[in-house]
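See below for the structure under consideration.
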Amino acid sequence: MRFTIDYNTKHSNRNHPIPVLIDLAFIAAAYLLGSISFAVVVSRAMNLPDPHSYGSGNPGSTNVLRTGNKTAAAFTLLGDALKGFVAVWAALYFKTSLGLTDWTVPAVAFAVFLGHILPVFHRFKGGKGVATVAGIVFALYWPLALGLIAVWLIFAVGFKISSLAALIAALCLLVGMFYFFGNTLISWVMVAIALLLIWRHKGNIERLLKGKEGKIRP
């Protein structure tokens with residue numbers, strides 16, 4: 001059975017005095033949650049250097065792993081994924097009871113991702129968003145998320161290049177969204193997210209084409 005979300009339902013449970021503010025509050029909260037860089041938070045908590053100051057300069061789990069601290073990298077990965085999951089899950093959970101509009105869930109998904117790549121708390125110097133996108137998809141439809149994680153693992157282990165695995169998973173995300181969700185707003189929002197994720201990897205793409213992209217170290 002395919003999983004579907006009814007984004008076309010007409011909401012009658014909009015009895016709040018200022019209902020639009022509730023939708024906007026969810027979107028703003030998603031952006032602020034996305035703006036929490038767990039690479040920075042975890043690094044500070046574990047007395048590691050600022051992830052912006054070494055390696056690729058990207059505040060993500062792959063760069064944190066360059067410190068040799070696998071625990072810190074794992075916590076970074078988990079935190080970045082959880083914020084994407086929590087934001088979208090909350091919007092889905094409260095969609096009916098609070099009478100959220102049909103565009104709130106897609107907007108929340110985009111907002112939490114935007115917060116990660118352009119975090120207000122870190123001078124808009126964010127990560128590339130792979131883990132956060134995984135969390136978003138997990139909240140929308142976990143079998144698709146597991147499939148994308150499997151794709152990432154296959155290419156990451158096979159080629160030992162994290163960026164290549166992420167790019168291929170992003171392309172698979174485009175196909176998966178339209179297969180499971182059809183021609184809906186959430187599918188098109190995820191297209192925008194996937195394209196932004198690919199754009200964030202533009203430097204990696206250039207190095208891949210030149211055969212100079214770094215590999216994952218054991």
Side-chain angles (χ1 to χ4, degrees), residues 3 5 7 26-28 30-39 56-63 77 80-81 83-85 87-89 91-92 102-120 122 124-156 159 161-210 213:
F3 177 86
I5 297 176
Y7 288 106
F26 268 84
I27 296 167
Y31 173 75
L32 293 176
L33 179 60
S35 291
I36 301 173
S37 175
F38 280 90
S56 65
N58 177 63
S61 57
T62 301
N63 201 36
L77 179 68
D80 285 343
K83 66 186 183 185
F85 175 83
V88 175
W89 177 86
L92 285 168
D102 297 331
W103 47 264
T104 303
V105 173
V108 162
F110 188 81
V112 71
F113 176 75
L114 186 66
H116 180 80
I117 64 174
L118 295 172
V120 67
H122 305 284
F124 303 104
K125 296 179 180 179
K128 295 176 181 176
V130 176
T132 301
V133 171
I136 292 170
V137 179
F138 218 99
L140 291 172
Y141 187 37
W142 63 265
L144 175 57
L146 290 181
L148 294 174
I149 291 171
V151 169
W152 187 91
L153 286 172
I154 289 171
F155 282 89
F159 292 90
I161 301 177
S162 176
S163 59
L164 176 62
L167 290 168
I168 293 175
L171 294 175
C172 291
L173 169 62
L174 301 179
V175 176
M177 285 302 301
F178 282 99
Y179 179 80
F180 289 109
F181 293 87
N183 186 18
T184 58
L185 180 58
I186 189 62
S187 293
W188 285 106
V189 168
M190 293 307 294
V191 166
I193 288 175
L195 292 177
L196 279 172
L197 188 150
I198 293 171
W199 175 75
R200 294 288 290 178
H201 283 80
K202 59 184 183 299
N204 303 89
I205 294 173
E206 292 175 359
R207 289 190 293 273
L208 282 168
L209 293 175
K210 295 176 181 178
E213 178 69 333

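In this structure, I198 and L171 have side chains that are in contact, with non-hydrogen atoms separated by less than 4.5 Å. For the pair L167/L208, a side-chain contact is recorded, criterion being any heavy-atom separation below 4.5 Å from C-beta on. P59 has its side chain out of reach of F38: every pair of non-hydrogen atoms, C-beta onward, lies at least 4.5 Å apart. You'll find the side chain of I205 reaches within 4.5 Å of the side chain of L209, heavy atoms only. At a threshold of 4.5 Å between non-hydrogen side-chain atoms, the residues I186 and Y141 do not count as touching. A heavy-atom distance below 4.5 Å is found between the side chains of L146 and F138. Contact check for V191 versus M177: no side-chain heavy atoms found under the 4.5 Å cut-off. The shortest distance between side-chain heavy atoms of F110 and L196 falls below 4.5 Å.
We find the CG-CE distance between L195 and M190 to be 11.0 Å, quoted to the nearest 0.5 Å. Separation of atoms CD1 (I117) and CG (L197) is listed at 8.5 Å; rounding is to 0.5 Å. Atoms CG and CG, from N204 and N58 in turn, are 8.0 Å apart once rounded to the nearest 0.5 Å. Annotation: the span from W142 atom CH2 to I149 atom CD1 amounts to 11.5 Å, rounded to 0.5 Å. Between the CD1 atom in I136 and the CD1 atom in I193 there is a gap of 4.5 Å [rounded to 0.5 Å]. A distance of 7.5 Å separates CZ in F113 from OG1 in T132, rounded to the nearest 0.5 Å.
Minimum heavy-atom separation, K83 to I36: NZ-O, 2.6 Å. For the residue pair A131 and D80, the shortest heavy atom distance occurs at CB-CB, 3.8 Å. Of all heavy-atom pairs spanning L173 and A194, the tightest one is CD2-CB, 4.2 Å. What you find for I27 and A111 is that their closest heavy atoms are O-CB, 3.5 Å. Smallest separation of non-hydrogen atoms from C172 and L148: CB-CD2, 3.7 Å. Taking each heavy atom of A39 and G60 in turn, the nearest pair found is CB-N, 3.7 Å.
The six-membered or imidazole ring of W188 lies away from that of F181, with a centre-to-centre distance of 6.0 Å or more.
Between the S35 side chain and the Y31 main chain, a donor and an acceptor come within less than 3.5 Å of each other. Using modelled atom types, no side-chain atom of R200 and backbone atom of G129 make a donor-acceptor pair closer than 3.5 Å.
Around NZ of K210, the count of heavy atoms belonging to other residues, nucleotides or ligands within 6.0 Å does not exceed 12.
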Kindly indicate, with the supporting measurements, whether the criterion side chain to side chain contact (heavy atoms under 4.5 Å, CB included) is fulfilled by W89 and V105. CA-CA 9 Å; W89 177 86; V105 173; over 6 Å; no

Tell me, with the steps shown, if V151 and I168 meet side chain to side chain contact (heavy atoms under 4.5 Å, CB included). CA-CA 8 Å; V151 169; I168 293 175; 3.9 Å; yes

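Neither side chain, K128 nor H201, offers a donor N or O lying under 3.5 Å from an acceptor on the other.
Contacts of S61 classified as side-chain hydrogen bond (donor to acceptor under 3.5 Å, both in side chains), with partners at least two apart in sequence or in another chain: none.
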